[in-house]
Amino acid sequence: MTAERARVWLWPGQAAYLGPQLRWDLHSTPVHCLAFGVDDAFVVHAPDGVWHRRSALIPARLPHRIEAGAGRMLFHYLDSRTDSAGVRELMAEALGTITATHRDELAVLDHVHEPDELHRFALGAPSQRCIDRRIRAAMDSLLAEPERERDAGELAAEFGLSKSRFLHLFSENAGTSFRRFRVWSRMLRVGAAVEAGASLTTAATDAGFASASHFSDTFRRMFGLSATTLLAGGTQITTAPAITRSAPAHRP
């Protein structure tokens with residue numbers, strides 16, 4: 001039987017990976033990561049504990065290591081514009097620094113090949129939490145032009161804020177630092193460029209990374225493996241349009 005190709009979906013500010021278990025070293029992602037063991041449970045190693053679960057929400061910037069079980073893994077990377085606070089409400093267990101056991105776990109696993117439905121069940125309905133409009137605009141700006149060397153002070157001035165106040169609001173609202181979100185926006189641009197046929201080296205430098213080695217080192221720190229390992233075997237990348245969220249129909 002031919003092995004299933006790994007898939008990567010890119011949405012504005014988000015990404016998802018569906019594919020075989022890989023060797024993930026210690027890493028910390030710039031945005032929140034919603035992880036599912038598609039065919040088996042997996043182990044999360046975090047600073048405050050080790051947990052064996054089928055699904056877990058791992059906060060941005062938390063150093064952790066994933067030890068996958070048999071079969072495939074699904075990782076859904078979420079920026080705060082997708083309402084990660086609402087996603088946390090869908091997790092049934094609070095386990096120290098992470099939360100676990102998604103309430104619609106079975107529905108998510110039933111729709112791993114349908115990105116629209118996967119997105120809908122994984123994220124659920126939006127909560128009432130609002131992001132500061134200035135920070136949302138700053139995040140949108142970084143995602144639209146990740147290659148620009150925009151200093152936090154420049155954006156702060158656009159919104160009539162001091163640099164320190166802007167950085168505080170950004171971290172509070174985005175759930176990650178300004179610097180790490182800017183790197184995340186560049187990673188998404190690299191993925192879209194590779195989908196369009198660019199080499200990793202060209203995609204990385206065009207997206208704002210100083211060099212191919214800078215991109216490679218950053219990718220490994222973020223995801224615990226190299227980009228070439230992730231793309232080996234013909235990983236298929238698909239850029240998807242933004243999705244309007246609505247409440248999924250829960251299972252009886």
Side-chain angles (χ1 to χ4, degrees), residues 1-40 42-45 56 58 60-79 112-113 115 118 142-143 145-149 176 179-240:
M1 180 181 293
T2 302
E4 180 181 320
R5 291 172 64 188
R7 298 286 306 272
V8 171
W9 291 286
L10 304 174
W11 293 275
Q14 305 175 59
Y17 165 84
L18 170 66
Q21 56 173 313
L22 300 168
R23 180 182 175 84
W24 291 282
D25 295 328
L26 185 71
H27 62 286
S28 63
T29 56
V31 294
H32 303 302
C33 175
L34 183 57
F36 293 88
V38 177
D39 304 303
D40 196 5
F42 59 94
V43 179
V44 182
H45 297 258
I58 303 162
R61 298 182 286 180
L62 178 73
H64 67 282
R65 181 170 65 85
I66 298 291
E67 185 180 336
R72 299 161 296 167
M73 288 292 300
L74 169 68
F75 296 107
H76 199 144
Y77 300 97
L78 316 167
D79 75 30
V112 293
H113 293 289
L118 166 64
L142 291 172
L143 288 166
E145 298 181 292
E147 72 284 355
R148 285 186 61 185
E149 284 295 339
T176 193
R179 181 183 63 83
R180 297 202 78 179
F181 188 81
R182 182 172 61 186
V183 173
W184 172 242
S185 68
R186 290 175 175 173
M187 283 292 177
L188 293 173
R189 178 60 60 87
V190 170
V194 170
E195 179 198 10
S199 68
L200 271 176
T201 298
T202 299
T205 54
D206 286 351
F209 288 97
S211 64
S213 61
H214 176 219
F215 164 76
S216 179
D217 292 345
T218 303
F219 192 97
R220 185 177 289 277
R221 286 196 302 271
M222 279 190 179
F223 303 110
L225 77 173
S226 70
T228 51
T229 297
L230 178 69
L231 296 176
T235 298
Q236 181 179 350
I237 302 176
T238 303
T239 299

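Position 1 is the first residue of the sequence, and the numbers go up from there.
Using a 4.5 Å heavy-atom cutoff, the side chains of Phe219 and Leu230 are in contact. Residues Thr218 and Met187 have side chains in contact (heavy-atom distance under 4.5 Å, counting atoms from C-beta outward). The shortest distance between side-chain heavy atoms of Val183 and Arg180 does not fall below 4.5 Å. At a threshold of 4.5 Å between non-hydrogen side-chain atoms, the residues Leu225 and Arg23 do not count as touching. When side chains are defined from C-beta on, Asp25 counts as touching Arg220, because their heavy atoms get closer than 4.5 Å. Residues Trp11 and His76 are in side-chain contact: their nearest non-hydrogen atoms beyond the backbone lie under 4.5 Å apart. In this structure, the side chains of Leu118 and Leu74 come closer than 4.5 Å at one or more pairs of heavy atoms.
Taking the six-membered ring for Trp and thresholds of 30 and 60 degrees, Phe223 and Trp184 have ring planes inclined between 30 and 60 degrees apart.
A distance below 6.0 Å separates the ring centres of Phe75 and Trp24. Residues His45 and His64 place their aromatic rings such that the two centres sit no closer than 6.0 Å.
A side-chain N or O of Thr228 and one of Ser226 form a donor-acceptor pair less than 3.5 Å apart.
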side-chain contact (heavy atoms from CB on, under 4.5 Å) assessment of Val44 paired with Ile66: CA-CA 5 Å; Val44 182; Ile66 298 291; 4.0 Å; yes

Side chain to side chain donor-acceptor pair (under 3.5 Å) between Ser199 and Thr201, intermediate numbers included: CA-CA 5 Å; Ser199 68; Thr201 298; 4.9 Å; no

Is there a side-chain contact (heavy atoms from CB on, under 4.5 Å) between Leu22 and Met73 once you walk through the steps? CA-CA 9 Å; Leu22 300 168; Met73 288 292 300; over 6 Å; no

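Here Ile58 contributes atom CD1 and His27 contributes atom NE2; the two are 6.5 Å apart, rounded to the nearest 0.5 Å. Note: Phe181 CZ to Asp79 CG = 4.5 Å, rounded to the nearest 0.5 Å. Taken from CZ in Arg65 to OG in Ser28, the straight-line distance is 15.0 Å, to the nearest 0.5 Å. A distance of 10.5 Å separates CG in Leu142 from CD in Glu147, rounded to the nearest 0.5 Å. Taken to the nearest 0.5 Å, the OH atom of Tyr17 stands 10.5 Å off from the CZ atom of Arg72. Residue Ile237 holds its CD1 atom at 12.5 Å from CH2 of Trp9, rounded to the nearest 0.5 Å.
Taking the charged nitrogens against the carboxylate oxygens, Glu149 and Arg186 do have a contact shorter than 4.0 Å, which makes a salt bridge.
Closest approach of Ala15 and Leu10 over heavy atoms only: CB-CD2, 3.8 Å. The two residues Ala70 and Gln21 make their nearest non-hydrogen contact at CA-NE2, 3.8 Å.
Each of Thr235, Val194, Leu231 was compared with Val8 under the side-chain contact (heavy atoms from CB on, under 4.5 Å) criterion, and only Thr235 meets it.
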